[in-house]
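Following: one structure in structure tokens, then a few remarks.
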Amino acid sequence: MTSYRTADSKREEYRKYLEKAGVLDALTKVLVGLYEEPEKPNNALDFLKAHLGSSGPETADVEALKIEVAELKQKLEQLTEENTVLKEKVQQYEPPADDGAPEN
């Protein structure tokens, strides 16, 4: 009888752990989504995997975004440099300000 109670307490402890971690809520939401799906998918396990989000973003997508970010940073640096050069050129051709006094 003691081993039966020990197994129950371990099971209850594990259930509390899953509940605290949000696993039970996530599983419930996905299973309800599957239940409410008008056209049931052929492979319910694939549906669960896709909707649990366990895989995260696709690796190819992440790599493509990293490349794009690197390119955009390089472009930003180039444009900032160009902007600085153009500002210097504009200052060369603009007459100096005379405290707001109009010229005659």
Side-chain angles (χ1 to χ4, degrees):
M1 201 62 154
T2 305
S3 65
Y4 179 73
R5 290 179 190 243
T6 304
D8 277 349
S9 66
K10 286 183 179 180
R11 187 175 301 129
E12 182 63 21
E13 184 179 319
Y14 188 66
R15 187 196 63 75
K16 286 180 182 179
Y17 161 74
L18 292 176
E19 187 174 353
K20 188 175 181 180
V23 174
L24 295 180
D25 286 338
L27 283 174
T28 302
K29 287 178 185 176
V30 172
L31 290 172
V32 167
L34 177 61
Y35 176 78
E36 292 175 346
E37 190 72 24
E39 293 184 27
K40 303 295 183 231
N42 292 332
N43 191 337
L45 187 56
D46 285 343
F47 179 91
L48 293 176
K49 287 179 184 178
H51 288 83
L52 269 177
S54 61
S55 63
E58 293 295 320
T59 306
D61 292 341
V62 171
E63 288 303 315
L65 289 172
K66 284 181 180 180
I67 291 169
E68 184 179 359
V69 166
E71 290 172 352
L72 289 173
K73 283 181 179 180
Q74 185 177 8
K75 181 78 172 181
L76 174 64
E77 186 178 316
Q78 175 190 355
L79 290 173
T80 303
E81 213 173 282
E82 183 181 344
N83 188 20
T84 304
V85 170
L86 291 173
K87 282 181 180 181
E88 289 172 0
K89 286 184 179 182
V90 166
Q91 285 180 348
Q92 287 176 355
Y93 296 109
E94 283 185 349
D98 291 335
D99 297 322
E103 287 188 31
N104 286 341

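None of these values were measured; they are calculated from a predicted model. Residue numbers count from 1 along this sequence.
- The salt bridge (Lys or Arg N to Asp or Glu O under 4.0 Å) pairs that include a residue from residues 19-46 are Arg15-Glu19, where partners are two or more places apart or lie in different chains.
- With sequence neighbours excluded, no residue forms a side chain to side chain contact (heavy atoms under 4.5 Å, CB included) with Tyr93.
- Other residues, nucleotides and ligands contribute only 12 or fewer heavy atoms inside 6.0 Å of the CD atom of Gln74.
- A search for side chain to side chain contact (heavy atoms under 4.5 Å, CB included) contacts involving Lys66 returns Val62, Glu63, not counting sequence neighbours.
- By the side chain to side chain contact (heavy atoms under 4.5 Å, CB included) test, Leu27 pairs with Val23, Leu52, sequence neighbours left out.
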Side-chain donor-acceptor distances from residues 75-87 under 3.5 Å, at least two apart:
| unit_1 | atom_1 | unit_2 | atom_2 | d |
| --- | --- | --- | --- | --- |
| Thr80 | OG1 | Leu76 | O | 2.7 |
| Thr84 | OG1 | Thr80 | O | 3.0 |

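- Listed by first then second residue, pairs satisfying ring-ring contact (aromatic ring centres under 6.0 Å, His included) with a partner in residues 22-47 read Phe47-His51, not counting sequence neighbours.
- Heavy-atom neighbours of Asn42 CG from other residues, nucleotides or ligands within 6.0 Å: at or below the threshold of 12.
- Rounding to the nearest 0.5 Å places NZ of Lys49 at 4.5 Å from CG of Leu45.
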